[in-house]
*Asks:* 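This structure is in structure tokens; I'll ask about it shortly.
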Amino acid sequence: MKEQFVKTEELSFSYQAENENEAIPAVKNLSVEFSSGEYVAILGHNGSGKSTFAKLLNLILEPVSGRLFVDGKERTAELSEGELLDLRRTVGMVFQNPDNQLVATIVEEDVAFGPENLGYPREELRKRVDDALATVGMTEYASYEPHRLSGGQKQRVAIAGVLAMTPRCIIFDESTAMLDPSGRREVLSTIRRLNREEGITIINITHYMNEAAEADRILVMNDGELLFEGTPDEVFSRRDELLAVGLEVPQSAELVFRLREAGIDLPTEALSTPEKCAACIADAYFAKRKGGAVDG
Amino acid sequence: MKGFTLGQYYPGNSFIHRLDPRAKIILGILAIVCTFLCKTLFSFILLFALTLILAILSRIPLKILLRSLRPVLFILLFTSLVNIFMTKGENLLFEYWIFHVYEEGLWNALFMIVRITSLIVMTGIFLTYTTTPIALTDGLEQLLSPLKKLHIPVHDFAMMITIALRFIPTLAEETERIMNAQRARGVNFSSGGLFKRVRSLIPILIPLFVSAFNRAFDLANAMECRCYHGGEGRTRLNVLHYKAADFIAMILLLGIGIGLFFANRFTFGGMIR
């Protein structure tokens, strides 16, 4: 059994409305657990509170109520600056727009930004920067200026910048949303590798269904609450509930559901990947042919 | 837009390019002092020679160096005219109506031209042409770091400049995008009078500002996520190191400055009034 790494208890957050006294709740009493080394996707429509929730996990936003535990320690009590830095070092975050999260004018200096803030000595900085750039495959771009890189490359530099702090968990807040398909592939394969090879806990916030399908577990959020959760197979079998909150199932799963609607009896338990869907349709087709042969 | 370089930096690998940015800032200041030490024809000739030697050492084409004088062309013209017509002296050369031109006025005008030209060219050679803006910021931060003891936020200023430099290409791209978007909506940026043109900038500036603020919020979050908490306890990946050449260059220029001061004793030709 994997150990629990991040845990929230009744975590809530509300934004202050423009007319002073009113508070708009964004996250409502959310209790979730993430275990160490897990790959979790959070799905939700725009405004479902998924990004806000992510920002609560490393206290970029301070929860109104509830408790947050990371790595066995409560993080919502009064934190000293050292403890806060430790939390942000442990739970890193990569944002949506690659342009808005690179600080320095040279790739390697940007990667060094986090560790520099943590005050590591120079030899250690060098090693961390080199390791992080190698992990995301950007070593040869170390002395480039960020604005000369493609979107996917910039996002990999941003990931390296977080990696250089040796986090145990990385939150991706719609990090592929602004990328072209090839950039998205680059980033996704990097995420997968970090999870499998480095054992880093991944929380990927997304509204791409195919991306969510790669995770071990999917949380579906709506209106600041956790709607339901489960493995990709479980979540994508609940198509109508997803549709009701403005989400959808992957296209291949959608095909299976449409065929069902057309009167073909297909199972909906395992539809998270196109391969599984194809297998499901093929099984039904061959079963029917066999049955037909017996009939005829 | 991808090949966009900032400022006047002229990429190269000359002796001056390779100097430490801190040394170059000090050299730049020394150069300014040098130009103001000169008072006589002899020292101005030396100053002019120094400027030429530096220009050759930096291996920057003369054409590019002269381009840096363009913004001060008006000042050059204006000061020389003022000097020619307003200086009172002994040797009257020319007189017409209320205009009196004395020999001293001509010398003064010449000296001012040499002084301003060498000032601009020398600081350009030491600073903007051979040093990237980011190296300059680093140099300035490390040079001024003793001021931190006086609670002057040196690090914060340097960080602000670094971020500004980092975002110039990003915002330039953004501006182009917005301009294209507005052109597609029928805004005409290139015709009409001055007033109309300035007014057509509004639909560019407002979206640009909105997006710049959004970027600033995002960036602040990203920086906090990466444990930024001011300059305190922060280490640096790339630390500047003085080399022997840096000290030699500074001592040399200091020597030249002293030399120029004493060169003022040779008082042939004209001198500044």
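Every chain is numbered from 1 and lettered A, B, ... according to where its sequence line falls, protein lines coming before strand lines.
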*Asks:* Looking at A:Ile106, A:Val129, A:Leu118, A:Leu102, which one has more heavy-atom pairs under 4.5 Å with chain B than the rest?
*Replies:* A:Leu102
*Asks:* Please look at A:Ala104 and chain B and tell me whether the side chain, the backbone, both or neither of the residue comes under 4.5 angstrom of a heavy atom of that chain.
*Replies:* backbone
*Asks:* Parallel, tilted or perpendicular: which fits the ring planes of B:Phe213 and B:Phe209, with parallel below 30° and perpendicular above 60°?
*Replies:* tilted
*Asks:* Charged N to carboxylate O under 4.0 angstrom, B:Asp20 versus B:Lys243?
*Replies:* no
*Asks:* Using a cut-off of under 4.5 Å for heavy-atom pairs, which of A:Val91, A:Leu84, A:Asn97, A:Asp110 has the most such pairs with chain B?
*Replies:* A:Asp110
*Asks:* Under 6.0 Å between ring centres, would you say that holds for A:Phe113 and B:Tyr228?
*Replies:* yes
*Asks:* Measuring heavy-atom distances to chain B, does A:Pro115 have an atom under 4.5 Å in its side chain, in its backbone, in both, or in neither?
*Replies:* backbone
*Asks:* Say you draw a straight line from CG of A:Leu43 to CG of A:Asn204; how long is it, rounded to the nearest 0.5 Å?
*Replies:* 9.0 Å
*Asks:* Which residue out of B:Gly230, B:Gly233, B:Gly231, B:Cys227 racks up the most heavy-atom pairs below 4.5 Å with chain A?
*Replies:* B:Cys227
*Asks:* Chain B heavy atoms under 4.5 Å from A:Leu85: which part of the residue, side chain, backbone, both or neither?
*Replies:* both
*Asks:* Just so I know, are the side chains of B:Thr130 and B:Lys24 near enough to count as touching, which here means a heavy-atom distance under 4.5 Å?
*Replies:* yes
*Asks:* Starting at CE of A:Met221, measure out to NZ of A:Lys28 and round the result to the nearest 0.5 Å.
*Replies:* 9.5 Å
*Asks:* What part of A:Val94 gets within 4.5 angstrom of chain B, counting heavy atoms only: side chain, backbone, both, or neither?
*Replies:* neither
*Asks:* Counting heavy-atom pairs under 4.5 Å with chain A, which one of B:Ala220, B:Ala216, B:Cys225 comes out on top?
*Replies:* B:Cys225
*Asks:* Relative to chain A, which segment of B:Ile134 carries a heavy atom at a distance below 4.5 Å: side chain, backbone, both, or neither?
*Replies:* side chain
*Asks:* So that I can tick it off, tell me whether B:Arg166 and A:Glu145 are bridged by a salt bridge, with the cut-off set at under 4.0 angstrom between side-chain N and carboxylate O.
*Replies:* no
*Asks:* Below 30° counts as parallel, above 60° as perpendicular, anything between as tilted: where do the rings of A:Tyr15 and A:Phe13 land?
*Replies:* perpendicular
*Asks:* Below 4.0 angstrom, N of the basic side chain to O of the carboxylate: do A:Arg193 and A:Glu198 qualify?
*Replies:* no
*Asks:* Out of B:Leu66, B:Ile75, B:Leu65, B:Val72, which one pairs with B:Ile120 under the side chain to side chain contact (heavy atoms under 4.5 Å, CB included) rule?
*Replies:* B:Val72
*Asks:* Which bit of B:Phe217 comes within less than 4.5 Å of chain A, counting heavy atoms only: side chain, backbone, both or neither?
*Replies:* neither
*Asks:* If you count heavy-atom pairs under 4.5 Å between each of A:Val103, A:Asn58, A:Leu61 and chain B, which one has the most?
*Replies:* A:Val103
*Asks:* Taking every non-hydrogen pair under 4.5 Å, which of B:Glu232, B:Glu224, B:Met223 racks up the most with chain A?
*Replies:* B:Glu224
*Asks:* Report the option among A:Glu109, A:Arg122, A:Met165 that has the most heavy-atom pairs separated by less than 4.5 Å from atoms of chain B.
*Replies:* A:Arg122
*Asks:* Chain A contacts: which residues in residues 146-161 of chain B have a non-hydrogen atom closer than 4.5 Å to it?
*Replies:* B:Met159
*Asks:* Do A:Arg184 and A:Tyr208 form a cation-pi contact, if we require the NZ or CZ to be under 6.0 Å from the six-membered ring centre and within 45 degrees of the ring's axis?
*Replies:* yes
*Asks:* Between A:Leu59, A:Leu125, A:Asn100, A:Leu87, who has the most heavy-atom pairs with chain B when the cutoff is under 4.5 Å?
*Replies:* A:Asn100
*Asks:* Do NZ/NE/NH1/NH2 and the carboxylate oxygens of A:Glu83 and A:Lys73 come within less than 4.0 Å?
*Replies:* no
*Asks:* So, are A:Glu123 and A:Arg126 salt-bridged, with charged N and O less than 4.0 Å apart?
*Replies:* no
